[in-house]
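What follows is a single structure, written as structure tokens, with notes after it.
Sequence positions, counted from 1, serve as the residue numbers for this chain.
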Amino acid sequence: VPMALPDARSLFLGLYYAIVKLPEVPMAARRADPRVGYFQTSLDDFSDDLGRSPRLHYANRWRLEKKDPATELSEPVKPIAFWVDRSVPLKYRDSVQRAILEWNKAFEKIGFKNAIVARIQPDDADFDTLDVGVASVRWISSARPSFNGSGPSQVDPRSGEILDADILIDGNWARNRRDLRVQLFDDE
């Protein structure tokens, strides 16, 4: 039951649909391995009637290709670009941007330098970070948070290629951490 409405029997609801054309050439798919933890895309492929099951599972991943495949460490042809949404409070924007860039350390271990770039959306930007193809970190506030963060993404079902991702951070995480600190370390 909605707790924030004057009358729980009614509420305003809006829907937004975004339909996007898939890449002309699908990225090479990587079969999911249940021993490794990652998000995955599942589909039924009925083209092979000899298989035990038509169900295929692909690992969700970004399309990263080296500019210089001959080198051990190369910048990507197209880096993964994340926007820090203008909904993120000013006092957290730099920290969120630095946190996004920390992922570059992991990508260096697989041969990519500067695989991720992070930009802060200007307050007067003429685009919405919810637009398809604009990966973002957004800030939300909820009266009764059920999570600290969430990472929905849209993928190409043919390959598991991540086409867009919008990370949600609930603003109550900081309050929850302060409350936990008080419970664990009573300063009084």
Shortest non-hydrogen contact between [X] and [Y], atoms and distance:
X: Asp166; Y: Ser136; value: OD1-OG, 2.7 Å
X: Arg119; Y: Ala81; value: NH1-CB, 3.6 Å
X: Arg86; Y: Asp124; value: NH1-C, 4.1 Å
X: Leu101; Y: Ala118; value: CD2-N, 3.8 Å
X: Gly160; Y: Thr41; value: CA-OG1, 4.0 Å

### Query
Pairs in or reaching into residues 38-59: which pass ring-ring contact (aromatic ring centres under 6.0 Å, His included), with residues at least two apart or in two chains?
none

### Task
Keeping to residues at least two apart or across chains, list the ring-ring contact (aromatic ring centres under 6.0 Å, His included) pairs with something in residues 95-133.
Trp83-Phe127

In the single-linkage hydrophobic clustering (I, L, V, M, F, W, Y; side-chain heavy atoms under 4.5 Å), do [X] and [Y] co-cluster?
X: Ile120; Y: Ile116; result: yes
X: Ile110; Y: Ile80; result: yes
X: Trp139; Y: Val84; result: yes
X: Leu64; Y: Met27; result: no

With side chains defined as the heavy atoms from C-beta onward, is the minimum distance between [X] and [Y] less than 4.5 Å?
X: Arg138; Y: Thr129; result: yes
X: Arg63; Y: Val77; result: no
X: Val134; Y: Asp128; result: no
X: Glu161; Y: Pro26; result: no

Rounded distance (nearest 0.5 Å) linking atom [atom1] of [X] with atom [atom2] of [Y]:
X: Leu130; Y: Ser87; atom1: CG; atom2: OG; answer: 9.0 Å
X: Leu56; Y: Leu43; atom1: CG; atom2: CG; answer: 5.0 Å
X: Ile140; Y: Leu168; atom1: CD1; atom2: CG; answer: 5.0 Å

Using atom types as modelled and distance alone, determine if a side-chain donor or acceptor of [X] lies under 3.5 Å from a backbone N or O of [Y].
X: Asn60; Y: Ile162; result: no
X: Arg93; Y: Val88; result: yes
X: Gln154; Y: Leu163; result: no
X: Ser74; Y: Thr71; result: no

### Task
Tell me, yes or no, whether the heavy-atom count around Lys66 atom NZ, taken from other residues, nucleotides or ligands under 6.0 Å, exceeds 12.
yes

### Whether Trp62 and Phe82 hold their rings parallel, tilted or perpendicular, with breakpoints at 30° and 60°
perpendicular

#### Entry: Basic-acidic side-chain contact under 4.0 Å: Asp45, Arg158
no

